[in-house]
A.B. asks: 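Below: one structure in structure tokens.
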Amino acid sequence: MNIVILDGYTANPGDLSWESLKDLGQLTVYDRTRPEETVERAKEADIVLTNKVLLQRSEIEQLPRLKYIGVLATGYNVVDIEAAQEHGIIVTNVPAYSTESVAQMVFAHLLNVTNRTEHYAQKNRAGEWSSCTDFCYWDTNLTELAGKTFGIVGLGNIGRRVAAIAQAFGMSVVAYTSKSADELPAGIGKRSIDELLSESDVLSLHCPLTTDTRHLINSRTLRLMKPSVIIINTGRGQLVNDQDVADALRENRIAAFCADVLTEEPPRADNPLLSCENAFITPHIAWATNEARIRLIAVVIDNVKAFVAGKPINVVS
């Protein structure tokens, strides 16, 4: 088997190992692959592993040897599944490897807004506390989470884990989800989307990107929210209309926007959210803890082993 990894760097920039794949065939690892390089690099491959490099119909039809595509992520929209099926290509993904890490990032963002730890750490490096008349000082609002309403859009693995953590903080959790009220974990109230938006003190997005959820957060839905709301997006960048959120921040119609994902990645330098004072943006790193990446690579290798053995797992095609 000829195995090619098209963009291995983000999952493994050198601190982990692909060695187990060498037991399954000839392995070639590219850190990054430009679109115009994809076919040339994959043309002799039986197995291709990809994170963000697109394998659409145009590429798949030029790769007659290809038998298997392994996506180094949970989402698999980088692959044209219909074209893969037509060509008898198995496609797999890596489900649920980053649940704990993404849930942790949600609350890293939330606590940064409510407690501003980095803000005060920077001030104290500059001598602010040392020169203070009193034993303490604060120049931002400090907010307690207990008793607040935490709204969640989407109750998959990550949404449920986030809900449990919010409950541990003493928050009331409500959700907009396709699940029936009887299917929801204990203590979570089911709401319509408009009810959820109007009730939430914190709104966290965990739904898939569909035609219905694209730009779910927009000028209309933002006007349903409390001016004190904190919005957190660790789902998909396109769930949010960047310009509408930036406008709401600058007009003080929402308190803060936190995101680990943006519509375009990497973002354009003129993305309006990057210059908003109360927008807190991290560079798509919620999934990238050492522990999550170890799980990711372990499942990727297990997926390939299962395919080679004729019993593929985690199949999405």
Side-chain angles (χ1 to χ4, degrees), residues 1-98 208-209 236-237 261 264-266 283-285 287-317:
M1 288 282 185
N2 190 355
I3 305 169
V4 173
I5 303 177
L6 293 173
D7 54 343
Y9 184 83
T10 50
N12 178 15
D15 56 341
L16 303 177
S17 175
W18 301 111
E19 282 297 310
S20 295
L21 287 173
K22 292 181 180 178
D23 297 334
L24 302 173
Q26 180 180 336
L27 176 65
T28 304
V29 180
Y30 297 101
D31 283 347
R32 302 169 184 85
T33 294
R34 297 191 299 269
E36 63 271 20
E37 297 173 324
T38 301
V39 172
E40 179 62 27
R41 290 182 170 183
K43 67 181 181 181
E44 300 298 326
D46 304 289
I47 292 172
V48 165
L49 304 180
T50 180
N51 189 335
K52 298 300 181 188
V53 176
L54 297 179
L55 288 165
Q56 299 297 294
R57 182 176 295 276
S58 59
E59 289 84 18
I60 288 171
E61 290 181 344
Q62 297 180 72
L63 301 172
R65 284 192 55 166
L66 190 59
K67 303 178 182 68
Y68 172 92
I69 299 171
V71 181
L72 306 176
T74 301
Y76 47 90
N77 58 306
V78 296
V79 179
D80 186 325
I81 297 297
E82 183 178 347
Q85 290 173 331
E86 291 174 7
H87 289 78
I89 299 169
I90 296 292
V91 182
T92 67
N93 74 335
V94 184
Y97 75 95
S98 64
L209 179 65
R236 293 289 182 268
V261 288
E264 184 180 353
E265 297 176 346
H284 206 144
I285 56 171
W287 67 279
T289 62
N290 189 63
E291 293 82 359
R293 291 186 298 109
I294 288 172
R295 285 192 294 270
L296 170 69
I297 290 176
V299 175
V300 167
I301 292 169
D302 286 345
N303 285 350
V304 175
K305 287 180 178 178
F307 169 73
V308 171
K311 298 178 180 180
I313 58 175
N314 295 319
V315 176
V316 296
S317 59

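None of these values were measured; they are calculated from a predicted model.
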A.B. asks: Side chains of Asn314 and Pro95: closer than 4.5 Å at any heavy-atom pair?
C.D. replies: yes
A.B. asks: Side chains of Ile301 and Leu21: does their closest heavy-atom pair fall under 4.5 Å?
C.D. replies: yes
A.B. asks: Where is the tightest heavy-atom contact between Lys305 and Leu24, given as atom of each residue plus distance?
C.D. replies: CG-CD1, 3.6 Å
A.B. asks: Taking all atoms of both residues into account, what is the closest heavy-atom pair of Glu37 and Arg32, and its distance?
C.D. replies: OE1-O, 4.4 Å
A.B. asks: OH of Tyr76: more than 12 outside heavy atoms within 6.0 angstrom?
C.D. replies: no
A.B. asks: Under a 4.5 Å cut-off applied to non-hydrogen side-chain atoms, are Ile90 and Phe307 in contact?
C.D. replies: yes
A.B. asks: Do the side chains of Lys43 and Leu63 get nearer than 4.5 Å, heavy atoms only?
C.D. replies: yes
A.B. asks: Does Gln26 have any side chain to side chain donor-acceptor pair (under 3.5 Å) partners at least two apart in sequence or in another chain, and if so, which?
C.D. replies: none
A.B. asks: Does Thr38 reach the side chain of Leu54, with side-chain heavy atoms less than 4.5 Å apart?
C.D. replies: no
A.B. asks: Under the side chain to side chain donor-acceptor pair (under 3.5 Å) test, which residues partner Thr74, sequence neighbours left out?
C.D. replies: none
A.B. asks: Over all heavy atoms of both residues, which pair between Leu55 and Ile60 is shortest? Give the atoms and the distance, please.
C.D. replies: O-CD1, 3.5 Å
A.B. asks: CG of Asn93 to CG of Asn77: how many Å apart, nearest 0.5 Å?
C.D. replies: 11.0 Å
A.B. asks: Kindly give the heavy-atom pair with the smallest separation between Ile313 and Ala306, and that separation in Å.
C.D. replies: CG1-CB, 3.8 Å
A.B. asks: For residues Arg236 and Val261, report the shortest heavy-atom separation together with the two atoms involved.
C.D. replies: C-CG2, 3.6 Å
A.B. asks: Any side-chain to backbone donor/acceptor pair from Arg293 onto Ala288? Under 3.5 Å, distance only.
C.D. replies: yes
A.B. asks: Do side-chain atoms of Ser98 reach the backbone of Trp287 as a donor and acceptor pair under 3.5 angstrom?
C.D. replies: no
A.B. asks: Once rounded to the nearest 0.5 Å, what's the spacing between atom CG of Asp80 and atom CD of Glu61?
C.D. replies: 8.5 Å
A.B. asks: Show me, pair by pair, the donor-acceptor contacts under 3.5 angstrom made by side chains of residues 3-13, not counting sequence neighbours?
C.D. replies:
| unit_1 | atom_1 | unit_2 | atom_2 | d |
| --- | --- | --- | --- | --- |
| Asp7 | OD1 | Asn51 | N | 2.8 |
| Asp7 | OD2 | Asn51 | N | 3.4 |
| Asp7 | OD2 | Lys52 | N | 2.7 |
| Asp7 | OD2 | Val53 | N | 3.3 |
| Thr10 | OG1 | Asn51 | ND2 | 3.4 |
| Asn12 | OD1 | Gly14 | N | 3.1 |
| Asn12 | OD1 | Asp15 | N | 3.4 |
| Asn12 | OD1 | Leu16 | N | 2.9 |
| Asn12 | ND2 | Leu16 | O | 3.2 |

A.B. asks: Do Arg57 and Glu82 touch side chain to side chain, with heavy atoms closer than 4.5 Å?
C.D. replies: yes
A.B. asks: Tell me the closest heavy-atom pair linking Arg34 and Glu36, and the distance in Å.
C.D. replies: NE-OE2, 2.9 Å
A.B. asks: Backbone N or O of Glu44 within a donor-acceptor pair of the Asn2 side chain at under 3.5 Å?
C.D. replies: yes
A.B. asks: Is there a side-chain contact between Val308 and Tyr68, using heavy atoms and a 4.5 Å cut-off?
C.D. replies: no
A.B. asks: Atom CD1 of Ile69 and atom CG of Leu49: how far apart are they, to the nearest 0.5 Å?
C.D. replies: 10.0 Å
